[in-house]
Amino acid sequence: MTAWIGGLSYLLGLMGYTGSLRRLGVSPYLRWITAMLLQILILYGFAMLGQLRLGIYLITGVGIGLWVLWQILGLFHRGSLPFEGLHLFDFWMVALGWAMADVLGHSPLVHYDNFSHWAVMVKFMVFTGHLPGTGDQLISFTSYPPATALFITQFVTWTGFSEGAMLVAQFGLIWAAAYAVFAVLRDRTRALTAMILCLTIAGSFVFNIAIRLNNLLVDYVLPILAVAALAGIFAYHTRPWLLCGHVAVFVAALLLVKNSATFFVVVIAGYFLVTLLKTGRTGWSVPGNLLRAVGTLALGSLPFLIWQWHVHTTFPVSKHEISAQAYHQQLAEEGTTGLLKIARKFGEQLLNPQSLSTQGILLINGLLIGTWLALRLIKGRRNGLLKTAIGVDLMFGLYDVSLLGMYGLSMPYAEAILLDGFERYRGSVVILGLFIGAMVLVRELDAAFYEQNFEKRDSRSFATIMSKNAYQLSTLVAGFFAITMMYSEITGTNFTNRMAHNTLPLQLRRCSQPWTRLNHRKVLVVDPHAVDVNDYYAGYAARYYYFTDKAVCQEDFMVTPAVFKQTVQAYDYVVIPEFHRTFTVLTQKVYHQHVITGLYRVTPQRLIREH
């Protein structure tokens with residue numbers, strides 16, 4: 001019950017901001033994601049001032065106050081907003097979004113990177129109430145910006161901390177950004193164009209298959225926020241001040257999601273600048289437009305520059321920080337030969353027809369060029385789909401160059417030569433390209449319809465009965481696959497959850513309750529799987545679960561009883577998530593106890609089971 005009350009409080013606070021933004025001219029399809037990003041930026045300011053918890057309560061409290069204000073004014077018919085109506089895509093978003101959120105609410109965290117940073121960062125901020133500092137050794141990747149972690153922290157502060165709640169929060173951010181794509185529709189009553197965008201949303205998750213939605217990684221968050229930013233630029237192209245404010249908010253938020261967001265910001269900045277220069281209605285001169293573009297992007301970059309200053313002044317050494325010195329050192333260590341090997345392996349993977357990202361690029365090009373050709377031959381109509389395909393391909397090429405640079409300059413050679421995370425990283429730009437293509441596609445299709453007067457469009461507004469049948473069939477096909485592919489993502493997530501039953505994080509959950517007080521207790525994880533120990537997966541999972549920076553893992557216990565006792569006595573707790581034969585035998589010899597699994601407190605005479 002407490003979680004539902006807290007969730008309702010958060011929702012009312014969010015609705016207070018969305019209502020205010022609507023009255024300021026924000027699109028109804030962009031209001032949710034814009035409100036979320038504004039709250040992130042305000043909360044970021046509080047966090048940098050060391051007042052994270054105050055910020056959470058104050059931001060939501062102000063939102064609830066705004067919601068109450070608009071309700072009271074509505075009773076007196078003041079400040080009311082026009083009803084936008086309900087459309088087919090609204091029902092699709094609500095029904096399938098709710099189904100996905102329900103699955104995520106019961107999902108565990110399993111992926112490695114959840115425990116190396118994303119989940120542990122949220123847990124740290126929820127239970128300490130501040131950003132990590134110099135003495136907080138629990139957080140390893142201190143240079144990672146905190147945007148999504150701040151958003152999730154705010155949500156779970158109200159609903160209660162759990163892995164499911166964290167996943168629901170991030171999905172809410174993703175779903176709100178995905179809803180923004182409907183702002184580009186010319187006629188939102190047309191089922192075909194709406195279903196094409198729904199199909200695009202569902203289909204985009206195919207390229208997120210490496211991590212799915214039941215993880216807190218941001219590889220899908222980055223492109224979907226960029227998509228919402230591009231949709232907003234299009235929607236506000238005749239309202240320059242709203243346009244500039246929109247770009248500043250999205251650029252600031254994107255840069256605070258992850259350092260690698262820079263590429264997506266460049267794409268947004270390019271479209272923003274072109275839009276300013278092409279839109280004659282603004283009445284601005286070219287120098288004036290350039291000046292406003294520079295000012296907007298500088299304002300959007302300011303929070304990230306403050307974060308970089310914070311990292312450099314707070315932490316003497318930080319993993320994955322942006323540093324020319326670090327790049328120079330990496331280049332000196334690997335040498336030209338190592339870089340050439342990485343480049344050769346990278347090129348082979350780009351040309352690999354089995355690569356999912358490569359297949360996605362071919363699919364996008366095929367759809368855009370094929371539709372361009374069909375409209376030219378059948379309708380005899382010029383359209384921008386070919387230019388879009390060329391532009392998207394140029395974007396893919398630039399991203400591949402930047403990705404190769406990351407492997408060569410930012411990643412250890414042992415990981416880089418294996419192209420670690422290639423499909424995950426490249427899938428992000430494929431998702432962005434897919435949405436860009438779809439948004440242009442639905443605009444061109446709508447412009448090619450026989451009846452261009454929206455008020456006259458009905459079941460008779462077709463050139464021929466054949467074109468009407470083709471429209472209806474295409475709508476049914478697009479709708480069927482939009483539902484089917486989203487349902488596939490839901491069932492796929494359920495399947496991965498079931499398959500994760502015997503993974504280490506769930507084994508730890510069965511051993512004991514998670515710890516929520518930050519501590520420095522020494523915890524030994526006894527793991528029979530050497531691979532989990534060698535790649536630090538077990539250690540990161542234990543650090544997250546037991547909320548300590550002193551958790552270590554060990555697989556090899558082929559030692560004498562005396563050495564075994566000395567080893568165990570060096571720790572405060574021992575956790576055995578899975579039966580380890582050697583450890584069990586030695587425990588029998590040294591402590592005269594038969595232990596199999598569980599969490600045990602270490603005393604000089606025995607191991608005491610904790611419940």
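In this chain, residues are counted from 1 in sequence order. All values below come from the heavy atoms of this structure, side chains included, with hydrogens, waters and symmetry mates left out.
A donor-acceptor contact closer than 3.5 angstrom is absent between the side chains of Asp113 and Asn215. Of the N and O atoms on the side chains of Glu163 and Ser107, not one donor lies less than 3.5 Å from an acceptor on the other residue. For the residue pair Asn214/Asn497, the side-chain donor-acceptor check at 3.5 Å is satisfied. Checking Glu444 against Thr371 by side-chain atom types alone, no donor-acceptor pair falls below 3.5 Å. A donor-acceptor pair shorter than 3.5 Å cannot be found between the side chains of Asn114 and Tyr544.
Rounding to the nearest 0.5 angstrom, the gap separating the CG atom in Leu368 from the CG atom in Asp393 is 8.5 Å. Atoms CE and CH2, from Met93 and Trp98 in turn, are 14.5 Å apart once rounded to the nearest 0.5 Å. For the atom pair CG of Leu445 and CG of Asn383, the computed distance is 9.0 Å after rounding to the nearest 0.5 Å. Remark: Glu489 CD to Thr484 OG1 distance equals 13.5 Å, nearest 0.5 Å. If you take CD on Gln170 and CG on Leu213, they are separated by 8.5 Å, rounding to the nearest 0.5 Å. Remark: Leu8 CG to Thr159 OG1 distance equals 12.5 Å, nearest 0.5 Å.
Nearest heavy atoms, Ala389 versus Ile369: CB-CG1, 4.1 Å. Closest approach of Gln39 and Leu14 over heavy atoms only: NE2-CD1, 3.5 Å. Between Thr18 and Ala35, the shortest heavy-atom distance links the atoms CG2-CB, 3.7 Å. Taking every heavy atom of both residues into account, Tyr399 and Ser402 meet most closely at O-OG, 2.7 Å. Between Thr296 and Ala248, the shortest heavy-atom distance links the atoms CG2-N, 3.8 Å. Nearest heavy atoms, Phe207 versus Leu356: CE2-O, 3.7 Å.
At distances below 3.5 Å, not a single donor-acceptor pair connects side-chain atoms of Tyr537 with backbone N or O atoms of Ser116. Side-chain N or O atoms of Glu423 include one that pairs as donor or acceptor with a backbone N or O of Ser357 at under 3.5 Å. The backbone N or O of Phe89 lies less than 3.5 Å from no partner atom in the side chain of His87, so there is not a single donor-acceptor pair. Side-chain atoms of Tyr44 come within 3.5 Å of backbone N or O of Pro303 as a donor-acceptor pair. Side-chain N or O atoms of Arg31 include one that pairs as donor or acceptor with a backbone N or O of Pro28 at under 3.5 Å. Between the side chain of Thr358 and the main chain of Leu350, a donor-acceptor pair closer than 3.5 Å is present. Panel note: side chain Tyr17, backbone Trp32; no donor-acceptor pair is recorded below 3.5 Å. Formation of a donor-acceptor pair under 3.5 Å by the His237 side chain with backbone atoms of Phe234 is found in this model. Between the side chain of Arg23 and the backbone N or O of Gly19 there is at least one donor-acceptor pair closer than 3.5 Å. A distance-only check finds no donor-acceptor pair linking the side chain of Ser355 to the backbone of Asn352 [under 3.5 Å].
Here the side chains of Val274 and Lys278 are in contact, with some heavy-atom distance below 4.5 Å. Counting heavy atoms from C-beta on, the side chains of Met406 and Phe263 never come closer than 4.5 Å. The side-chain heavy atoms of Arg376 and Leu386, taken from C-beta on, include no pair separated by under 4.5 Å. Val26 places none of its side-chain heavy atoms less than 4.5 Å from the side chain of His246. Side-chain contact between Phe182 and Asp90: absent, with no pair of heavy atoms (C-beta onward) separated by less than 4.5 Å. Looking at Leu37 and Phe151, their side chains never come closer than 4.5 Å, going by heavy atoms from C-beta outward. The closest side-chain heavy-atom distance from Leu216 to Met121 is not below 4.5 Å. Here the side chains of Phe272 and Val251 are not in contact, with every heavy-atom distance at 4.5 Å or above.
Ring pair Trp92/Trp175 is parallel by interplanar angle, where below 30° counts as parallel and above 60° as perpendicular.
Shown here is Phe161, whose CZ atom has more than 12 heavy atoms of other residues, nucleotides or ligands within 6.0 Å. A 6.0 Å sphere centred on NE2 of His106 holds no more than 12 heavy atoms belonging to other residues, nucleotides or ligands.
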Do Ser20 and Trp70 pass the side-chain hydrogen bond (donor to acceptor under 3.5 Å, both in side chains) test, and can you show the C-alpha distance, the side-chain angles, and the key distance before you say yes or no? CA-CA 8 Å; Ser20 301; Trp70 299 128; 3.0 Å; yes

Given the rule in the side-chain contact (heavy atoms from CB on, under 4.5 Å) test, do Ile174 and Val221 qualify, once you have shown the distances and angles that lead to the verdict? CA-CA 6 Å; Ile174 289 172; Val221 175; 4.0 Å; yes

Test side-chain contact (heavy atoms from CB on, under 4.5 Å) on Leu403 and Phe422 and set out the steps. CA-CA 9 Å; Leu403 185 58; Phe422 176 86; 4.3 Å; yes

Does the side-chain contact (heavy atoms from CB on, under 4.5 Å) test come out yes or no for Phe435 and Ser204, once each step is laid out? CA-CA 8 Å; Phe435 274 100; Ser204 67; 3.6 Å; yes

Quick one, Thr200 with Leu434, criterion side-chain contact (heavy atoms from CB on, under 4.5 Å). Give me CA distance, side-chain angles, the key distance, then yes/no. CA-CA 7 Å; Thr200 303; Leu434 179 67; 3.9 Å; yes

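The one candidate from Trp4, Trp67, Phe155 that meets the ring-ring contact (aromatic ring centres under 6.0 Å, His included) condition with Tyr10 is Phe155.
Using a 4.0 Å cut-off between charged nitrogen and carboxylate oxygen, Asp446 and Arg443 do not count as a salt-bridge pair.
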